[in-house]
Amino acid sequence: MEIPLIDFNELNGEKRSKTMALLHQACEKWGFFQVENHGIDKKLMEKVKHLINTHYEENLKESFYGSEIAKSLEKGNTSDIDWESSFFIWHQPTSNINKIANLSKDLRETMNEYIAQLVELAEKLSKLMCENLGLEKGYIMEAFSGSKGPSVGTKVAKYPECPYPELVRGLREHTDAGGIILLLQDDKVPGLEFFKDGEWVEIPPSKNNTIFVNTGDQVEVLSNGRYRSALHRVVADKSGSRLSIATFYNPAGDAIISPASKLLYPNHFHFQDYLKLYATTKFSDKGPRFESMKNMANGHHSVAA
């Protein structure tokens, strides 16, 4: 399967409608896609990867191989462990980056610069998704905002070389709880897999610093099931250590999440009422008919012409 690739350079010309249709299909049929020409400084992305790999080698690698996770694998107790070394950075509404042990000043400053650009990309993607769904462009951003704005955080993970990859997952099967996930991943070591049409699709390493995107559970709820979150996992690897920098553009903790009313089918109506309306609108588009039924259910009695 060829994973959808969205070229942001084609959003500003004659290929815009085709690119928007491709994005809609990627969100609706896949739940994941790649973005190129996204506007994020690629030298900055390379620096982020280099500094995080250095941080792992200097501060985390030795302790990981001496950890309970590694000992559990040696004993064969692998049912509830993930073969990963990770930590989480909160960026918005408040940051914890200065409280994480052993992060260099260079890494903290570089990560902050990278995240500022990444949030702009997440907001742009959210507006494009809204446009494709027929919602106001700021709908997702507003729905995610709560009282303090959207939550933004990054899971920094290394999936170390594993002596027995057949016994353990790098990360067990799951969907993401949040909103829009933007992944900067390894350019050499594979491991990420997504489930589509009854089979696991291998996501190749990211060349040329494309950003890999997937949608989480909250986008599925907001879109009334149109844009589904996809099941995914990471498989362990015997010959390489994989880097994953996954940034989550999520609702605020106090955000109230529900399907966008524009996307809901009419509900709680009597079929006989629908038939009365259908009798006079049978040869018209069904959309206004559905809107009339929604209005009737909400106490309004306008009827589609």
Note to self: Tell me if a side-chain donor or acceptor on Asn224 pairs with a main-chain N or O of Leu263 at a distance below 3.5 Å.
What the structure shows: yes
Check: Which residues satisfy the ring-ring contact (aromatic ring centres under 6.0 Å, His included) test with Phe290, sequence neighbours excluded?
Finding: Tyr265
Next item on the list: Taking all heavy atoms of Ala252 and all of Ser151, pick out the closest pair and write down the distance.
Entry: CA-OG, 3.5 Å
Check: For Gly179, does its backbone N or O pair with a side-chain atom of Asn250 as donor and acceptor, under 3.5 Å?
Finding: yes
Check: Between the main-chain N or O of Gln272 and the side-chain N or O of His270, is there a donor-acceptor pair closer than 3.5 Å?
Finding: no
Notebook entry, point to check: Does Asn208 reach the side chain of Lys42, with side-chain heavy atoms less than 4.5 Å apart?
Noted result: yes
Check: Between Thr247 and Thr154, do the side chains contain an N or O donor and an N or O acceptor separated by less than 3.5 Å?
Finding: yes
Next item on the list: Using the test side-chain hydrogen bond (donor to acceptor under 3.5 Å, both in side chains), find all partners of Glu46 that sit at least two apart in sequence or belong to another chain.
Entry: Lys49, Asn209
Next item on the list: Would you give the length of the straight line joining atom CG of Asn132 to atom NZ of Lys127, rounded to the nearest 0.5 angstrom?
Entry: 15.0 Å
Checklist line | Spacing of CH2 belonging to Trp30 relative to CG belonging to Leu22, to within rounding of 0.5 Å | finding: 10.0 Å
Notebook entry, point to check: Under a 4.0 Å N-O cut-off, is there an ion pair linking Glu28 with Arg228?
Noted result: no
Margin query: Quick check: do Phe8 and Leu125 have side-chain heavy atoms less than 4.5 Å from each other?
Written below: yes
Checklist line | Any Ile211 side-chain heavy atom under 4.5 Å of Gln34 side chain | finding: no
Note to self: Could you report the tightest heavy-atom contact between Val213 and Ile180, atom names first, then the distance?
What the structure shows: CG1-CG2, 4.1 Å
Note to self: Ring centroids only, cut at 6.0 angstrom: are Phe32 and His232 within range, meaning strictly under it?
What the structure shows: no
Checklist line | Pair Glu291 + Lys294, salt bridge at N-O below 4.0 Å | finding: yes
Check: Do any N or O atoms from the side chain of Lys207 and from the backbone of Asp187 form a donor-acceptor pair under 3.5 angstrom?
Finding: yes
Check: Measuring from Thr78:OG1 to Arg169:CZ, what's the distance to the nearest 0.5 Å?
Finding: 10.0 Å
Notebook entry, point to check: Sub-3.5 Å donor-acceptor pair from the side chain of Ser145 to the main-chain atoms of Met141, do we have one?
Noted result: yes
Notebook entry, point to check: Is the shortest heavy-atom distance from the side chain of Phe144 to the side chain of Leu222 under 4.5 Å?
Noted result: yes
Notebook entry, point to check: Can a donor-acceptor pair be found between the side chains of Asp217 and Ser229 at a distance below 3.5 Å?
Noted result: yes
Check: Is any NZ, NE, NH1 or NH2 atom of the basic residue among Glu14 and Lys18 found under 4.0 Å from an Asp or Glu carboxylate oxygen of the other?
Finding: no
Margin query: In the structure I gave you, are the side-chain heavy atoms of Val48 and Ile245 within less than 4.5 Å of one another anywhere?
Written below: yes
Check: Would a 4.5 Å heavy-atom cut-off, applied to side chains only, mark Phe248 and Lys155 as touching?
Finding: yes
Item checked: Reported CE-to-CD distance for the pair Met45 and Gln117, which is rounded to 0.5 angstrom -> 9.0 Å
Note to self: With no hydrogens and no angle check, just 3.5 Å: does a side-chain donor-acceptor pair link Asn9 and Lys15?
What the structure shows: no
Item checked: For Asn59, all residues meeting side-chain hydrogen bond (donor to acceptor under 3.5 Å, both in side chains), sequence neighbours excluded -> His55
Next item on the list: Verify side-chain contact (heavy atoms from CB on, under 4.5 Å) between Trp90 and Ile97, making sure each step is shown before the conclusion.
Entry: CA-CA 7 Å; Trp90 282 109; Ile97 197 167; over 6 Å; no
Notebook entry, point to check: Within the side chain of Lys196, is there an N or O that forms a donor-acceptor pair under 3.5 Å with the backbone of Lys29?
Noted result: yes
Notebook entry, point to check: Got a sec, which residues hit side-chain contact (heavy atoms from CB on, under 4.5 Å) with Asp106, two or more places apart in sequence or on another chain?
Noted result: Lys47, Leu51, Ser104, Thr110
Checklist line | Step-by-step side-chain contact (heavy atoms from CB on, under 4.5 Å) determination, Leu171 to Ser86 | finding: CA-CA 11 Å; Leu171 185 61; Ser86 65; over 6 Å; no
Item checked: Residues Arg242, Asp186: salt bridge by 4.0 Å N-O rule -> no
Next item on the list: For Leu277 and Met293, run side-chain contact (heavy atoms from CB on, under 4.5 Å): C-alpha distance rounded to whole Å, both residues' side-chain angles, the deciding distance at 0.1 Å, then the answer.
Entry: CA-CA 9 Å; Leu277 180 58; Met293 295 309 298; 3.7 Å; yes
Item checked: Exercise: identify the closest heavy-atom pair between Glu84 and Gly170 -> CB-O, 3.8 Å
Next item on the list: Specify the closest pair of heavy atoms between Gln218 and Pro251, including all atoms of both residues, with the distance to one decimal.
Entry: CG-CG, 3.8 Å
Note to self: Measuring from atom CD1 of Ile6 to atom CG of Leu23, what distance do you get when rounded to the nearest 0.5 angstrom?
What the structure shows: 5.0 Å
Margin query: Just so I know, are the side chains of Asp7 and Thr19 near enough to count as touching, which here means a heavy-atom distance under 4.5 Å?
Written below: no
Next item on the list: Have a look at Ile52 and tell me which of Leu103, Leu184, Val156 forms a side-chain contact (heavy atoms from CB on, under 4.5 Å) with it.
Entry: Val156
Margin query: Could you tell me if Gln185 and Ser244 have a donor-acceptor pair between their side chains, going purely by distance under 3.5 Å?
Written below: no
Note to self: Please give me the minimum heavy-atom distance between Ala236 and Cys162, naming the atom from each residue.
What the structure shows: CB-CB, 3.9 Å
Note to self: Can you list everything that forms a side-chain hydrogen bond (donor to acceptor under 3.5 Å, both in side chains) with Ser147? Sequence neighbours excluded, please.
What the structure shows: Asp254
Notebook entry, point to check: Is the backbone of Gly178 close enough, under 3.5 Å, to the side chain of Asp176 for a donor and an acceptor to pair up by distance?
Noted result: no
Next item on the list: Verify the cluster assignment for Ile81 and Tyr159: are they in a single hydrophobic cluster under the rule of side-chain heavy atoms below 4.5 Å apart?
Entry: no
Notebook entry, point to check: Just by modelled atom types, is the Lys43 backbone N or O under 3.5 Å from a matching donor or acceptor in the Asp41 side chain?
Noted result: yes
Next item on the list: Kindly say whether the aromatic ring centers of Tyr164 and Trp83 come within a distance under 6.0 Å.
Entry: no
Next item on the list: List the atom of Ser223, the atom of Leu133, and the distance in Å for their closest heavy-atom pair.
Entry: CB-CD1, 4.0 Å
Notebook entry, point to check: With no hydrogens and no angle check, is any side-chain donor or acceptor of Thr215 less than 3.5 Å from a backbone partner on Val219?
Noted result: no
Checklist line | Audit row: Asp237, Ser239, side-chain hydrogen bond (donor to acceptor under 3.5 Å, both in side chains) steps and yes/no | finding: CA-CA 6 Å; Asp237 194 289; Ser239 58; 2.9 Å; yes
Check: How long is the gap from OG on Ser292 to OH on Tyr274, to the nearest 0.5 Å?
Finding: 10.0 Å
Note to self: As a quick check of understanding, evaluate side-chain contact (heavy atoms from CB on, under 4.5 Å) for Lys61 and Lys158, giving each step before the final call.
What the structure shows: CA-CA 9 Å; Lys61 183 176 180 178; Lys158 287 284 287 187; over 6 Å; no
Checklist line | Remaining members of the apolar cluster that contains Val189, side-chain heavy atoms under 4.5 Å | finding: none
Note to self: Test your reading of the model: is there a side-chain donor-acceptor pair from Lys238 to the backbone of Glu161, 3.5 Å cut-off?
What the structure shows: no
Checklist line | Output field: ring centroids Phe33/Phe194 closer than 6.0 Å | finding: no
Check: How far apart are the C-alpha atoms of Lys137 and Glu142, what are their side-chain angles, what is the distance that settles it, and do they pass the salt bridge (Lys or Arg N to Asp or Glu O under 4.0 Å) test?
Finding: CA-CA 10 Å; Lys137 287 186 178 182; Glu142 185 175 343; over 6 Å; no
Checklist line | Side-chain ion pair, Glu131 and Arg16, N-O less than 4.0 Å | finding: yes
